[in-house]
Engineer: 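Supplied in structure tokens, the structure appears directly below.
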Protein chains: 2
Amino acid sequence: MSASKKTILIEKALETYYTGGFQAVGMDRLAKETGISKTSMYKHFRTKEDLILEVLNLRDENFRNWFVRRIDELASSPVERLTAIFDVLGEWFHEDGFLSCMFIRASSEYPNSDHPIHMSSAKHKRLLLTYVIGLAEQAGVPDPGQLARQLMLLKEGAIVIAHLHGPDGVATHAKQAAEVLINNALGRS
Amino acid sequence: MSASKKTILIEKALETYYTGGFQAVGMDRLAKETGISKTSMYKHFRTKEDLILEVLNLRDENFRNWFVRRIDELASSPVERLTAIFDVLGEWFHEDGFLSCMFIRASSEYPNSDHPIHMSSAKHKRLLLTYVIGLAEQAGVPDPGQLARQLMLLKEGAIVIAHLHGPDGVATHAKQAAEVLINNALGRS
DNA sequence: TTAAACATTGACAGATCGGTAAGTTATTGT
DNA sequence: ACAATAACTTACCGATCTGTCAATGTTTAA
């Protein structure tokens, strides 16, 4: 299997897993959808779990790149970037085919914290937290870790509610709450 | 199968599904763990999905009863009840065997919004929202719906983060954010 | 006592699961 | 040109999945 075919497989698996779930999508189905035989797939991935881990790595890369880029496009000051988080979330929630966050879904299917898939999901959230801490630092708040963790709670909660109750208004509510928290962190200005 | 055996089955299924996941736990395993034959189980539940839906009903009842009761035990004023939400969450997160919220897990395994299991999960969250709106009304805020939705975002986010990054500090961060939002809703007092 | 009604069982169907063995085709280096 | 090798496929393995069937106990009622 060429490297490009491997990439194609991972990309197709990302799409199919996101739509159908990790456990519900079998290797046979991926073989059928990609036209690549199972044996070829298993030449490059020792187990299904290995494939899922590579899919999650790609998703992490794609998502964080898109997320940061959109925030930079929408905002021009550090404080604006903090609120833009929720505008970008709103765009995501309203995309056709939005079905929650792949890492929340993954950690729900593999709930035990010592499972590699769970750990990979935790890592993704930690990387996002680090990014938001950086934004909070640039905004000059006294305790960037605290504000960033608060905004992350709003972000994850918004994802869950947008998935369960639909996208309308969720990101807006989260943004309004975020503005209150940001102003408070900046000294109630 | 007597009614009590049916109850025992649902309770055991709740425990096993919560620990192991819905798709990962098969009917054979439930039969082995309860000592009830599969055929007997299928006399009372037409499909596995029906069993899961009854499990979710029981979980919804158990959880909301416990949640409301603990809040009432910890708080004596309406505003206190709003913040006590997060004290109770902290207790939950630190329980042995905490593995996120059963309904977030369920909606992650059955992500399509028209799926009965997904709809049941959405209903649970809606009932909780209604409860929090009631608390916010009693607290006398001008827009109880807005505050309640903001606090729900913190709650769901806290569940996700406590599951992925461990329980320490998560409920406390959420409570601090909640206090800011509550004070703001009350008029920045 | 005995027959009807119900409860329960082990064994099985058919499908699908993750994963593999053996064999075939295509590519490569010399 | 040709042997070595890498890429790839078909067919299959045992296990497990949801769900069912025929047979056997067990209760109930007249």
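Here is how names work: the chains are called A, B, and so on, in the same order as the sequence lines, proteins then strands, and each is numbered from 1. Just so you know, these numbers come straight off a predicted model, no measurement behind them.
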Engineer: Do I117(B) and F22(B) make a side-chain contact, defined as non-hydrogen atoms from C-beta onward lying under 4.5 Å apart?
Structural biologist: no

Engineer: On DNA chain C, does the nearest nucleotide to E49(A) precede the nearest nucleotide to K43(A) from the 5' side, or the other way round? Give the residue.
Structural biologist: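 Looking at the nearest nucleotide for each, E49(A) comes out on the 5' side.
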
Engineer: What is the distance from NZ of K38(B) to P of dA22(D), rounded to the nearest Å?
Structural biologist: 17 Å

Engineer: Check the distance between dC17(C)'s C1' and Q23(A)'s CD and give it to me in whole angstrom.
Structural biologist: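 The distance from CD of Q23(A) to C1' of dC17(C) comes to 11 Å, rounded to the nearest Å.
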
Engineer: Applying ring pair (Phe, Tyr, Trp, His ring centres under 6.0 Å) between F63(A) and each of Y18(A), W92(A), Y131(A), report the one that passes.
Structural biologist: W92(A)

Engineer: Ignoring hydrogens and geometry beyond distance, is the side chain of T39(A) in donor-acceptor contact with the base of dA21(C) at under 3.5 Å?
Structural biologist: yes

Engineer: Could you give the OH-to-P distance, from Y42(A) to dC17(C), as a whole number of Å?
Structural biologist: 11 Å

Engineer: Can you check the H44(B) NE2 to dT20(D) P distance for me, whole Å?
Structural biologist: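 Atom NE2 in H44(B) sits about 16 Å away from atom P in dT20(D).
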
Engineer: Rounded to the nearest 0.5 Å, what separation is found between the CZ atom of R105(B) and the CZ atom of R59(B)?
Structural biologist: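 It comes to 9.5 Å.
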
Engineer: How close or far is atom P of dG10(C) from atom CD1 of I36(B), stated in whole angstroms?
Structural biologist: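 Going from I36(B) (CD1) to dG10(C) (P), I get 13 Å.
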
Engineer: Please report, rounded to the nearest Å, how far the C1' atom of dA7(D) is from the NZ atom of K6(A).
Structural biologist: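 Going from K6(A) (NZ) to dA7(D) (C1'), I get 14 Å.
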
Engineer: May I have the distance from D28(B) (atom CG) to dC12(C) (atom C1'), rounded to whole angstrom?
Structural biologist: 12 Å

Engineer: Please determine whether the number of non-hydrogen atoms from other residues, nucleotides or ligands lying under 6.0 Å from atom CG of D96(A) exceeds 12.
Structural biologist: no

Engineer: Does dT9(C) have OP1 or OP2 under 4.0 Å away from a side-chain N or O of S40(B)?
Structural biologist: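 Yes, within the criterion.
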
Engineer: In whole angstrom, give the distance that lies between atom CE of M41(B) and atom C1' of dC17(D).
Structural biologist: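 It is 13 Å, rounded to the nearest whole Å.
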
